[in-house]
Amino acid sequence: MSDLNEISNFVWGTADLIRDKFKRGDYEEVILPFLVLRRLDCVLEPNNEEVRNAYEQYGDELNEQALQEVLKEAADAPFYNYSEYTLETLLDEPSDIERNLKEYMHSFSPEMQDVLNNFGFESTIEELAKHDLLYQVVKRFTQPEVDLHPDKVDNSTMGNVFEELIRRFNESLDENPGEHFTPREVVDLMAELAIEPDKDGFEENEILHVYDPCCGSGGMLTETEDRIQQFNDDVEVWLFGQEVNPQTHAIAKSDMFIKGEDATAANNIADGSTLSDDAFPDKQFDYMLANPPYGKDWKSDKEAVEKEYEQGWGGRFGAGLPSKTDGQLLFLQTMLSKMQEPGERGSRIAFISNASPLFTADPNVSDTKNECSIRRWILENDWLEALIRLPDELFYNTKITTYVWVLSNDKPEAREGNIQLVDASGEEFWTLMDDNKGDKRKELTEDQIQKILKIYKENDDGENSRIHPVSEFGYRKVRIERPLRKNFKASEDRIEQIKEERAFGNLSGSEEGEQKQEAILEMLHGMNDELYKDKEEFAEKVDEAIAEAGLDLKKSVRGNIFKALGEKDPDAEIVRDSKGRPERDTDLTDYEYVPLGQDVREYFEEEVQPYVPNAWINEDMTDPQDGGLGKIGYEINFNRYFYEYEPPRPLGEIEEDIEKVEQQVVDMIQEVTE
């Protein structure tokens, strides 16, 4: 059995054996480690006898390290198991199967025992034995339908099996909506996009390094290696990845043990969170691919990430921090930090995101770096080659539209200074699946992948492709102020409001101050309650009253009087400061987004001033990098570039439809009444 669906369905059937004793959420704790164990068992089976003989011969003679090397050589693999048992022979002693299975597990090489320990496998064995299920589960995984030797089931198919099972676990629990595995056809597209400019130049015995910061079960890495070696099988590809989920990491690492000639490949798959504990801080890579979780918070990494952000460009996150609810751009910054110096090849990246990182946030008034500053950093460094919009309903656990970013720090000359937008979401780019898998209803055929690649390679304007200068995605966010207008009146209700003002309230700290408060209130009550539309006219009346009362008031207390007795009034005169300048109305502050390359003042005169004559540009809001008016930001609004206007139907057709519906309603009423 080598078919993905057949294997997945058979293994999933294990749930029927354990459903009465295990919760649905615990199924994967049984099924996944047994699937890994069966895979290892099948790999080692041809050389079991040689390994046991070597262990018996050298077990007491050699030191631990030397013995491990001998046993690996006997196993013809980067791992071994010297137990007298296999999964199948464990069934010969049903009454001792728990003890013997533990002994079998502990006879693996230390690295492989670590893999199994990541599943918490020993406690799973004990739980199965407690419910008299261990024998049945072992027996199921030794059936001919589960022959998982690499000659029967290659690494790619095995990876698909793991991902399909994990997808089913998540779907059955309706969990992890932001975590999803990447369909193999999408991985193939990403790999092709990453290696496209280089694939004809791979040299014999060349060593390439490929990295995935959230590698899951390792499928993106192995598929990329396969694509590279399709063009030149003499290229040596070293794979590096990091995965935070212990079980998924165990799957990826076991797969690397199986495919590698030594333990190096497996040791390059690190565990833990890339965001808070980067396993490859000083490593650079030729190709990097990732599909990070969408809309998933990074609060568990918050402390470490913010600490690294404080290092500025000395860390990975100098360009900024995205919203705490979405860490996609943290992964992208990690990848960009691992680019090798441009030269013969530089580094290339294929990265999947949802739409959010394309436009979320704009330049912060407070100069805090956010998603917008990250986009600016990427675009102004001219790293983004292309953005490709994929169809929706393409992923297993989400229906949303996704985008592939293609980035390089060594762009081909024809792409320098530009970004290509490719809309591959239309019907010609996807095929409906015969059977849905979760939210996945659509797939890309190889022909459709090649169609997308052709559009990308042509790098030209067309129906599904737009080429735009980088600067076209930028703008200056300019603050527009409008004058404050207030009327003033010494009425009872307004006079009461002065008691809430700070400077007036601070007078109450002493007897003299309290007396002054009373004098101020008495002075205000003595004024007439006429409504004034001009602050200067009202100020004359207030100053006369203050002088007549013999009061000596600080500027702050005098300001409290005008604040308490004034109310906003669009029909009033403009309020001006002591130098005659108009004061701004903070409630009317607005922002204009001026395209880069357009003079801010000219834009203001043409687009703003004719409609709000008294408005002005706030000169204090400048860009911290270039010092110009306003703050620079970038966003990529895909719909703006691919929007096609559809005119409404002719009015006559609409009227005909309305008349038909009206007649249908009349007919229905007649039927009811008859």
Side-chain angles (χ1 to χ4, degrees), residues 4 8 24-25 28 159-191 193 212-220 223 243-245 247-248 251 274-275 289-300 322-332 350-360 371 387-405 422-427 429-445 448-449 452 636 638-639:
L4 163 65
S8 302
R24 182 176 296 180
E28 61 184 304
N160 287 339
V161 170
F162 280 120
E163 295 189 1
E164 169 62 13
L165 290 171
I166 294 173
R167 180 194 69 77
R168 294 189 188 187
F169 294 137
N170 291 346
E171 185 181 67
S172 67
L173 295 172
D174 194 25
E175 288 185 349
N176 301 324
E179 296 178 7
H180 42 269
F181 294 101
T182 315
R184 278 298 180 265
E185 73 268 24
V186 177
V187 176
D188 287 344
L189 172 63
M190 293 174 67
L193 289 165
D212 183 345
C214 41
C215 68
S217 61
M220 194 168 286
E223 289 292 318
E243 172 56 32
V244 67
N245 182 284
Q247 291 186 331
T248 316
I251 293 170
T274 295
L275 300 183
L289 300 91
N291 177 21
Y294 313 147
K296 185 177 180 183
D297 68 64
W298 44 278
K299 61 184 179 183
S300 59
S323 163
K324 299 292 190 301
T325 61
D326 190 353
Q328 293 176 86
L329 288 178
L330 294 177
F331 285 100
L332 182 54
F351 176 84
I352 292 185
S353 80
N354 61 12
S356 176
L358 302 181
F359 59 81
T360 299
E371 291 93 336
L387 271 171
I388 300 171
R389 179 160 61 185
L390 299 179
D392 58 5
E393 299 183 323
L394 197 60
F395 287 78
Y396 300 115
N397 283 25
T398 180
K399 296 180 180 181
I400 63 174
T401 299
T402 53
Y403 299 79
V404 180
W405 303 48
V422 178
D423 185 7
S425 62
E427 293 184 2
F429 296 102
W430 52 265
T431 302
L432 277 178
M433 299 173 61
D434 294 332
D435 296 307
N436 298 346
K437 291 185 177 180
D439 290 322
K440 181 175 174 60
R441 297 179 60 247
K442 301 173 183 176
E443 61 185 354
L444 310 179
T445 65
Q448 288 163 337
I449 290 174
I452 296 171
I636 302 176
F638 231 84
N639 291 331

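Residues take their numbers from the sequence shown, with the count starting at 1.
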Problem set entry | Least distance between heavy atoms, Cys215 atom then Glu243 atom | N-OE1, 3.7 Å
Problem set entry | Residues forming a side-chain hydrogen bond (donor to acceptor under 3.5 Å, both in side chains) with Asn639, sequence neighbours excluded | Arg389
For this session: Indicate yes or no: at least one non-hydrogen side-chain atom of Ser356 is less than 4.5 angstrom from one of Asp326.
Result: yes
Exercise. Do the side chains of Asp297 and Lys324 get nearer than 4.5 Å, heavy atoms only?
Worked result: no
Problem set entry | Heavy-atom closest contact (Val404 atom, Ile352 atom, distance) | CG2-CG1, 4.1 Å
Exercise. Considering only heavy atoms from C-beta outward, does the side chain of Ser300 approach that of Leu275 to under 4.5 Å?
Worked result: no
Exercise. Between Lys440 and Glu163, does at least one N-O distance fall below 4.0 Å, as a salt bridge requires?
Worked result: no
Problem set entry | With Glu223 via salt bridge (charged side-chain N to carboxylate O under 4.0 Å, His left out) - residues at least two apart | Arg184
For this session: Indicate yes or no: at least one non-hydrogen side-chain atom of Leu330 is less than 4.5 angstrom from one of Pro322.
Result: yes
Exercise. Please walk me through it: do Phe395 and Asn291 pass side-chain contact (heavy atoms from CB on, under 4.5 Å)?
Worked result: CA-CA 11 Å; Phe395 287 78; Asn291 177 21; 3.5 Å; yes
Problem set entry | Minimal non-hydrogen separation, Tyr396 against Pro183, with atom names | OH-CA, 4.0 Å
For this session: Taking all non-hydrogen atoms of both residues into account, name the closest pair between Pro292 and Phe331 and its distance.
Result: CB-CD1, 3.6 Å
For this session: With sequence neighbours left out, write down each residue that passes side chain to side chain contact (heavy atoms under 4.5 Å, CB included) with Ala191, or none if nothing qualifies.
Result: Thr224, Arg227, Leu289
Exercise. Is there a donor-acceptor contact under 3.5 Å from the side chain of Trp298 to the main chain of Gln328?
Worked result: no
Exercise. If you measure from CG on Leu394 to OG1 on Thr402, what distance do you get to the nearest 0.5 Å?
Worked result: 6.0 Å
Exercise. Measuring from Leu193:CG to Trp405:CH2, what's the distance to the nearest 0.5 Å?
Worked result: 15.0 Å
Seminar exercise, completed: d(Leu387 CG, Ser353 OG) to nearest 0.5 Å is 7.5 Å
Exercise. What heavy-atom pair brings Val187 and Met220 nearest, and what distance separates the two atoms?
Worked result: CG1-CA, 3.8 Å
Problem set entry | Atom pair CZ/CZ of Arg24 and Phe169 - distance to nearest 0.5 Å | 12.0 Å
Exercise. Any donor and acceptor pair, going by atom type alone, linking the side chain of Glu371 with main-chain N or O of Leu329 inside 3.5 Å?
Worked result: no
For this session: Enter the distance from Tyr403:OH to Leu390:CG here, rounded to the nearest 0.5 Å.
Result: 9.5 Å
Problem set entry | Exercise: do Gln448 and Thr431 side chains pair donor with acceptor under 3.5 Å | yes
Exercise. In terms of side-chain geometry, is the basic nitrogen of Asp392 or Arg441 positioned less than 4.0 Å from the acidic oxygen of its partner?
Worked result: no
Problem set entry | Rounded distance [0.5 Å steps], CZ in Arg168 versus CD in Glu28 | 14.0 Å
Problem set entry | Heavy-atom pair of closest approach, residues Ser217 and Ile251 | CB-CG2, 3.8 Å
